[in-house]
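Heads up, the thing below is written out as structure tokens.
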Number of protein chains: 2
Amino acid sequence: MSENQTQSFIINRAATSKIENIDFENLPFGSVFTDHMLYCDYKSGEWGTPVIKPYEPLTMDPSSRVFHYGQAIFEGMKAYKDENDDVWLFRPDQNLTRFNKSAVRLAMPEIPEEVFIEGLKQLINIDKAWVKKGKGNSLYLRPFMIATGHGVIAAPSGQYRFMIILSPSKAYYQGDVKVLIAEHYSRAANGGIGAAKAAANYSAQFYPTLLANKQGYQQVIWTDDATHTKLEEAGTMNIFFRINDTLYTAPTSERILDGVTRKSIIDLAKRENITVEVRPVLVDEIIEASKNGSLKEIFGAGTAAVINPITGFSYQDTYYELPRQDNPMALDLKNKLTDIQYKLAEDTFGWTIKI
Amino acid sequence: MSENQTQSFIINRAATSKIENIDFENLPFGSVFTDHMLYCDYKSGEWGTPVIKPYEPLTMDPSSRVFHYGQAIFEGMKAYKDENDDVWLFRPDQNLTRFNKSAVRLAMPEIPEEVFIEGLKQLINIDKAWVKKGKGNSLYLRPFMIATGHGVIAAPSGQYRFMIILSPSKAYYQGDVKVLIAEHYSRAANGGIGAAKAAANYSAQFYPTLLANKQGYQQVIWTDDATHTKLEEAGTMNIFFRINDTLYTAPTSERILDGVTRKSIIDLAKRENITVEVRPVLVDEIIEASKNGSLKEIFGAGTAAVINPITGFSYQDTYYELPRQDNPMALDLKNKLTDIQYKLAEDTFGWTIKI
Ligand SMILES: Cc1ncc(COP(=O)(O)O)c(C=O)c1O
Ligand SMILES: Cc1ncc(COP(=O)(O)O)c(C=O)c1O
């Protein structure tokens, strides 16, 4: 960004930092925030000047549209510090594009690249000390937009606030993940908002996920709502199936979030000469493959966990355990991807952007 | 409620009232609020003491779950003043039941009757001067609940705030309402949250509704997402079809909001010896009925507008105009219902509750 544009941020630094009080070895995901935040308000059809200031509470009218009509979208990204103390973003252009796609679907204004990308860079730079070195450590980045206009009438707001908040995070290890394949509940439908990273998609999953938790499953694998025969994605991860040595994953659609990790895994796997088939994956074929031993792995892919191996799944009250692998593809792909993110391997794809 | 329970409200009255500054003849729906609001916080598994205090902004952490995951539900109700200056609620038990059904589906805590019903009564009583007499005038009541817990992790919040805000309203007249029948977009799916009055259901409709607006239609009539052959409901209204002298309306389901106006209209119509058939209504049969002249009326039913006649609908680029009626059933039922609400007719159903 040119000097001129840089000047268009209002920057108000915190007098002191909270960083000394943070136990970086014990960081529950998404619960600790850095010293600063960014916001930018949209009013009368235009975006104002982005402001970086100390992290602090917002003042919101009780009739703000976000409270009543759920008009809110977000992104989830990470910043990584390399051995030279440089900080890197991973494919931020993909998150910007997806954010603005979400904005359109939720009838919200698109955010300019200068605010989103340059805002991230400026903000992270100020809170650079919060990005810890070492594989697994990262700064989780949460750009989001909420409808701040007043009035309890079910129509799009005229005012919005875009914000970025930052949360230091450790490697996200969930332990054994057993999943339940959805037979009744659904996450998204054709003609709906499943492809948007809309706040509204997440609260809808909480109750069915709690029911799965009670049965001993950590997550739900969503199926298509109309027939419940196609395996779509998990709550915050896209999903891959390894049958023999081929990887299968569902195509993106109106019902599926177009994950940045998913598309990166597909590219990486292809580079490694792994066959990847992007096509609808049927519950039936996965059960069949599990029974005949050709189903080797299932894993989730998303920014928070990178790749999360799944140890087994339940469908129609039958539990299918996955075989243990000596050299799981999940782990290999995870290492290759994180090596790129932490600048430990050459970034042949041009995915990493220095701050 | 017993004296004892009444004492459990903390009441903090405004020093002065804003009421003198309000132009009650010009009230855009849902945009003006009374002097007081109610809130009640949920924490560590229990509800605290409800507080009534001057209407004022909330202080919210930027990581509050409602902003990121859309965990929010609401209700819409009205209070009516009769000729003796008594104020009445209409079937508030129905709204409480629906609110708690929404809460369960959104993985939120249920609200006790003492807080919801008694809270409404206490709050309305304090702001009684804001309920204006005369048919059409009312006080719109907006109970809602938002997830106030902190942390950007996609899981149910541990903290919630229940609130009630009040907005004086005039008769809600929308003018001619032409509707577009949804062929691609969808509002709800089986296994989804369509039956809950969840904030998340509304933002999802804004974009398709804007597209309809651009084509000259004020609202969308949603069809079932799987086949788009069944007529379900409008954005904030259930929908009735009059073919000859029979009324048809879709059954409630996981995809449809169980409207209080809808069920009251069904009961009223039956009392008037109108045949009401509650069964799936197909797009095809309505088009056929329009062509052969047996389709007499379509109207929406919901708290805000009570009954809203529809003048025509579009499907697959063809516009079907409805015939003008000398004595529309919509108007007759609306009058009968509002007469009960304003205590101008005997309430044989026991629907009205005095504050
Ligand atoms: C529903 C859903 N699917 C998949 C993903 C993975 O997307 P990404 O790899 O871009 O983080 C996410 C985001 O975390 C998500 O919320
Ligand atoms: C989606 C939807 N359908 C129908 C209705 C009508 O319900 P009620 O008659 O209880 O207001 C509403 C509420 O306003 C609604 O939001």
Side-chain angles (χ1 to χ4, degrees), chain A residues 28-31 33 37 55 57-63 66-72 74 76 104-107 140 142 144 146-147 150-156 163 165 167 182 184-193 198-210 225-226 235-236, chain B residues 28-31 33 37 55 57-63 66-72 74 76 104-107 140 142 144 146-147 150-156 163 165 167 182 184-193 198-210 225-226 235-236:
Chain A
F29 189 84
S31 62
F33 297 91
M37 64 186 201
Y55 187 93
L58 312 180
T59 302
M60 303 275 299
D61 192 84
S63 78
V66 61
F67 297 144
H68 301 270
Y69 307 115
Q71 212 186 0
F74 68 100
V104 170
R105 184 60 184 85
L106 274 291
Y140 181 77
R142 173 55 63 94
F144 65 106
I146 54 177
H150 301 182
V152 293
I153 182 148
M163 293 192 73
I165 55 178
S167 178
H184 171 71
Y185 288 104
S186 59
R187 176 191 172 274
N190 286 332
I193 59 170
N201 285 324
Y202 296 83
S203 53
Q205 300 179 58
F206 291 168
Y207 177 70
T209 305
L210 286 180
D225 71 292
T236 59
Chain B
F29 189 85
S31 61
F33 297 91
M37 64 185 202
Y55 187 93
L58 312 179
T59 302
M60 303 276 299
D61 192 84
S63 77
V66 61
F67 297 144
H68 301 270
Y69 307 114
Q71 214 187 358
F74 68 100
V104 170
R105 183 60 183 85
L106 275 290
Y140 180 77
R142 172 56 63 93
F144 65 106
I146 55 177
H150 301 182
V152 292
I153 182 148
M163 293 193 74
I165 55 177
S167 178
H184 171 71
Y185 288 104
S186 59
R187 177 190 170 275
N190 286 333
I193 58 170
N201 284 324
Y202 296 83
S203 52
Q205 300 178 59
F206 290 168
Y207 178 69
T209 305
L210 286 180
D225 71 292
T236 58

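Note that the structure is a prediction, hence the values are computed from the model and not measured. Quick note on labels: first sequence line is chain A, next is B, and so on, each numbered from 1.
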query: Given the options B/G235, B/P156, B/A204, which has more heavy-atom pairs under 4.5 Å with chain A than any of the others?
result: B/P156
task: Step through it carefully: locate the ring centre of A/F67, locate the ring centre of B/F74, and say whether they are under 6.0 Å apart.
output: no
query: So, for A/V152 and B/Y140, which heavy atoms are closest and what is the spacing to 0.1 Å?
result: CG2-CE2, 4.0 Å
Most contacts with chain A, counted as non-hydrogen pairs under 4.5 angstrom, among B/I193, B/D225, B/V66: B/D225
task: Under 4.5 Å, counting heavy-atom pairs only, tell me which of A/M37, A/R187, A/R105 racks up the most with chain B.
output: A/R105
query: Between B/G76, B/A182, B/A154, B/A188, which residue shows the highest count of heavy-atom pairs closer than 4.5 Å to chain A?
result: B/A154
- prompt: How long is the gap from OH on A/Y207 to CD on B/Q71, to the nearest 0.5 Å?
  reply: 14.0 Å
- prompt: Tell me, side chain or backbone of A/M163 under 4.5 Å from chain B's heavy atoms, or both, or neither?
  reply: side chain
- prompt: Hey, which of A/S167, A/A107, A/P28 has the most heavy atom pairs under 4.5 Å with chain B?
  reply: A/A107
message: Can you tell me which portion of A/H150 sits under 4.5 Å from chain B's heavy atoms? Options are side chain, backbone, both or neither.
response: neither
field: Donor-acceptor under 3.5 Å (B/S186 side chain, A/N190 main chain)
entry: yes
task: Against chain B, work out which of A/A198, A/G70, A/A199 has the most heavy-atom pairs shorter than 4.5 Å and name it.
output: A/A199
- request: For each of A/P62, A/G30, A/A155, tally heavy-atom pairs with chain B at distances under 4.5 Å, and name the one with the top tally.
  value: A/P62
field: Part of B/I146 within contact of chain A (heavy atom distance under 4.5 Å)
entry: side chain
query: With a 6.0 Å cut-off on ring centres, are A/F144 and B/H68 close enough?
result: yes
message: Out of A/Y69, A/Y185, A/Y202, return the one with the most heavy atom pairs under 4.5 angstrom to chain B.
response: A/Y69
query: Out of B/S63, B/S31, B/A147, B/P208, which one racks up the most heavy-atom pairs below 4.5 Å with chain A?
result: B/S63
- line: Cut-off 4.5 Å, heavy atoms of chain B, and the answer for A/I165 is side chain
- request: Using non-hydrogen atoms and a 4.5 Å limit, figure out which bit of A/T236 sits close to chain B: side chain, backbone, both or neither.
  value: side chain
